[in-house]
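Here is the structure we will look at, set down as structure tokens.
Source: prediction; values computed, not measured. Naming: A, B, ... by sequence-line order, numbering from 1 per chain.
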Number of protein chains: 2
Amino acid sequence: MDREWNIGEASKAASLPVKTIRYYEEIGLVIAPRSENGYRCYGDTEIHKLRFVQRARSLGFSIENCRTLLSLYDDKNRASKDVKKIAEEHLREVDAKIRELQSLQENLTHLVEHCAGDTRPDCPIIDDLSAPAIEARKTNPRIH
Amino acid sequence: MDREWNIGEASKAASLPVKTIRYYEEIGLVIAPRSENGYRCYGDTEIHKLRFVQRARSLGFSIENCRTLLSLYDDKNRASKDVKKIAEEHLREVDAKIRELQSLQENLTHLVEHCAGDTRPDCPIIDDLSAPAIEARKTNPRIH
DNA sequence: ATGGGGGCTCCAGTAGCTGGAGGGTCAAGG
DNA sequence: CCTTGACCCTCCAGCTACTGGAGCCCCCAT
């Protein structure tokens with residue numbers, strides 16, 4: 001049937017906020033043609049692409065990865081190894097982030113467990129944060 | 001002995017980049033007095049504060065949390081429960097983030113395992129991303 | 001005097017949106 | 001025919017926590 005939708009309907013169809021869809025167009029990710037009144041005009045193809053991006057983003061792929069995945073999605077002669085490579089790289093990043101956060105979690109749990117949490121001023125958390133040395137610590141990952 | 005240091009020395013003492021220290025001053029986190037030539041001038045107090053923030057940031061506390069923790073650090077009549085509350089809240093956020101990433105990890109691992117990764121165009125990863133429904137999925141967390 | 005290694009400020013950019021101002025468009029109801 | 005309200009549009013600013021660079025000043029050693 002290839003109906004056409006305006007941005008509000010596309011938003012519901014793709015589970016993406018209107019603002020986000022406009023942003024994706026601005027960065028050249030999914031571009032919709034315009035109708036006479038200047039409104040964006042979404043056909044089946046654009047809706048599919050928006051949903052594709054929505055799903056990829058929900059899996060934590062970066063916008064740049066989404067761009068590459070979209071072009072592979074369009075390319076019917078793509079090799080599955082090209083896609084797999086991106087997914088594996090992303091998976092490695094996710095793994096690394098989990099390990100980093102788990103190390104944080106251990107540190108924080110330890111600190112919280114040793115703090116009385118009452119009305120007295122003595123606080124092992126503050127004491128730890130005020131400790132002089134940096135090098136002496138075991139784990140000290142930077143957060144970004 | 002309360003020597004005084006310029007920003008480069010403070011940077012080494014606190015394990016923070018010079019740019020970051022200037023940024024912390026700009027946002028009112030740790031402010032150093034100036035010497036006659038306009039250079040920032042760090043005494044023991046400021047160095048301690050910078051190190052405090054460096055450590056808190058490395059534990060993943062937000063800048064705003066660091067601001068609160070610093071004021072509690074300054075306040076010798078603080079109650080340890082005020083500090084503990086911030087740490088516990090942060091720990092809950094870390095826990096939530098880990099769970100979210102683990103869910104991602106499962107999804108991605110599953111996808112990667114089912115992709116041949118060869119030169120043929122068939123790709124279960126692309127197929128999954130192109131799947132029509134959103135609601136039908138089990139897990140679909142947004143990333144921020 | 002000159003060269004190098006500091007220091008200074010201000011501006012712009014990163015990722016991925018989100019909110020708001022200020023305005024145009026469209027369909028329904030009075 | 002006019003108004004109301006729900007849409008749509010663009011442009012600008014802001015969020016987090018920095019980071020990089022330009023263009024300039026300052027201090028010390030040779």
In whole angstrom, give the distance that lies between atom [atom1] of [X] and atom [atom2] of [N].
X       : N      : atom1 : atom2 : answer
B:Glu26 : C:dC10 : CD    : C1'   : 10 Å
B:Glu36 : C:dC8  : CD    : C1'   : 16 Å
B:Trp5  : C:dG6  : CH2   : P     : 18 Å
A:Ile27 : C:dA15 : CD1   : P     : 10 Å
A:Lys97 : C:dA15 : NZ    : P     : 15 Å
B:Gln54 : D:dA17 : CD    : P     : 15 Å

Do [X] and [Y] have side-chain heavy atoms sitting under 4.5 Å apart?
X        : Y       : result
A:Asp44  : A:Trp5  : yes
A:Tyr24  : A:Lys49 : no
B:Thr109 : A:Leu91 : yes
A:Ile125 : B:Ile86 : no

Which residues share a side chain to side chain contact (heavy atoms under 4.5 Å, CB included) with B:Asp82, sequence neighbours left out: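 B:Asp82 satisfies side chain to side chain contact (heavy atoms under 4.5 Å, CB included) with B:Leu72, B:Ala79 once adjacent residues are dropped.
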Before accepting this row, confirm whether a basic side-chain N of the pair A:Lys97/A:Glu100 lies closer than 4.0 Å to the acidic partner's carboxylate O.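 Salt bridge flag = yes for A:Glu100 with A:Lys97.
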Heavy-atom protein contacts under 4.0 Å, nucleotides 6-16 of chain D, coded B base, S sugar-phosphate only, - none: -BSSBB-----
Can you tell me if the side-chain N/O atoms of A:Tyr24 get under 4.0 Å from OP1 or OP2 in C:dG16?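 No, outside the criterion.
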Are B:Thr20 and D:dT19 close enough that a side-chain N or O sits under 4.0 Å from OP1 or OP2?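 Yes, within the criterion.
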